[in-house]
Every structure is written in structure tokens, then in C-alpha cells.
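Remarks on the structure that follows.
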Amino acid sequence: MRAVDGGTWRVDLMLSAESHGHDRVRHLVIELKAPSVDADREQALQVDDYMQAVLNEPRFANVDTTWDFYLVVRSVKDRLKPSLRQANKPEGLYSEPTQYEHASVRVWVRTWSEILREAKQRLEFVKNGIDHNPSLEQALAYLRHRRGDLIPDQLRQPTSVPSPRAGIAHHPAV
């Protein structure tokens with residue numbers, strides 16, 4: 001990677017993903033540090049320098065893009081913590097310069113434990129939503145309320161809905 005000062009960098013390990021939205025291209029760049037490395041200003045500034053190098057790259061000058069740079073570490077040293085916990089900003093946001101030509105950029109510093117905890121919370125939220133199992137009567141009441149004009153006449157009026165009979169397969173008439 002070409003540095004702002006003209007030199008070159010060797011990135012330890014960088015993962016990158018690109019997605020195309022209806023109005024812009026989104027990039028995610030992740031710098032993973034060795035398990036023994038804790039984040040300090042030096043590591044955060046390194047990722048901030050990566051961001052500056054991308055912003056100064058002519059290939060991205062006229063493309064509406066969003067860049068999120070993540071530094072992922074075991075822990076954050078005390079000297080860096082105040083920079084990651086600023087009022088009116090999400091926790092972990094290290095740098096968010098104003099819009100730079102067509103690019104929107106942010107630099108984040110996150111720990112593995114934070115990322116895993118948030119992923120687990122999102123997974124639980126989705127699992128709880130999937131586990132929602134309304135009764136037939138609740139589903140019909142919802143349909144009557146929202147789309148009563150589209151359902152058959154016999155389902156428009158609330159009536160007792162027969163419950164499925166246990167052992168129906170063993171019924172002699174079947």
C-alpha cells in the first residue's frame with residue numbers, strides 16, 4: 001500500500017469487502033492485529049494513515065463511496081480509550097473526517113470481545129423474532145384488521161377456530 005508520504009506499507013493482515021448500493025459503493029477494510037497486540041495510539045494512527053492513503057488515491061476520486069476501516073485487537077490501552085468514547089459518537093469510532101470529495105470514511109477501533117458480544121446480541125434478536133409463533137386466531141385477527149377486504153367471507157368474522165384433532169391419522173374414516 002502506498003503511504004501518504006510516498007513510502008510503502010506492508011499490511012499485517014487486511015480483509016476487504018465491497019458492496020454496491022443503489023447510490024454508492026461501500027467498502028469494509030479490516031486490520032487484524034496479532035493476539036499479543038493491544039491497541040494504542042500508534043496502531044490507531046496506522047489505520048488512520050491507511051484511510052488517508054485511500055482518500056488520496058485517484059482511482060476513488062470521483063466515485064461515491066463509503067469506507068469503514070476497522071482495527072481489531074485484543075484490548076485497548078487506557079491512553080486510547082478517551083478517543084473511542086466521545087459524546088454523541090458511537091463507541092469505538094476513532095476518526096470520522098468530514099465528507100472528503102465523494103467519499104465518506106470512518107475509522108473504528110474494536111476489540112474481539114465487543115464484536116463477538118454484539119454479534120451474539122444480533123443473533124439472539126433474530127432468533128427471538130423467528131421463534132415468534134402466533135396462534136391461528138391471532139394470525140386471522142391480524143389479517144382481518146390489515147387486509148380484511150382480501151380474505152374470504154367465511155374468515156372475516158371472528159369465530160372459534162377448531163383446533164387440529166390429535167390422532168387424526170388414526171381416525172377410522174381416514
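Counting from 1, the numbers follow the sequence of the chain as shown. Since the model is a prediction, treat every value here as computed from it, not as a measurement.
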message: Within a 6.0 Å radius of atom CD on E114, are there more than 12 heavy atoms belonging to other residues, nucleotides or ligands?
response: yes
Same cluster or not: [X] versus [Y], using hydrophobic residues (I, L, V, M, F, W, Y) connected whenever any side-chain heavy atoms lie under 4.5 Å apart?
| X | Y | result |
| --- | --- | --- |
| L28 | W108 | yes |
| V37 | L84 | no |
| Y142 | L140 | no |

Quick one: does [X]'s side chain have a donor or acceptor within less than 3.5 Å of a partner on [Y]'s backbone?
| X | Y | value |
| --- | --- | --- |
| Q43 | D40 | yes |
| Q86 | S83 | yes |
| D48 | A44 | no |

message: Using the rule side-chain hydrogen bond (donor to acceptor under 3.5 Å, both in side chains), only one of K33, R74, K77 pairs with D38; which is it?
response: R74
Salt bridge check: are [X] and [Y] linked by an N-O gap of less than 4.0 Å?
| X | Y | result |
| --- | --- | --- |
| E137 | R144 | yes |
| E124 | K127 | yes |
| E91 | R110 | no |

- request: Could you tell me which non-hydrogen atom of S75 sits nearest to which non-hydrogen atom of V73, and how far apart they are?
  value: O-CG2, 3.3 Å
- line: Tightest non-hydrogen contact, residues R26 and D68, listed as NH2-OD2, 3.6 Å
Close side-chain approach of [X] to [Y], heavy-atom, < 4.5 Å:
| X | Y | answer |
| --- | --- | --- |
| V109 | L80 | yes |
| S95 | R106 | no |
| H27 | T66 | no |
| T111 | V72 | no |
| Y70 | L32 | no |
| Y50 | E31 | yes |
| R117 | K120 | no |

query: In Å and rounded to the nearest 0.5 Å, what is the CG to NE2 distance from L143 to H145?
result: 11.0 Å
- line: d(L93 CG, K89 NZ) to nearest 0.5 Å is 5.5 Å
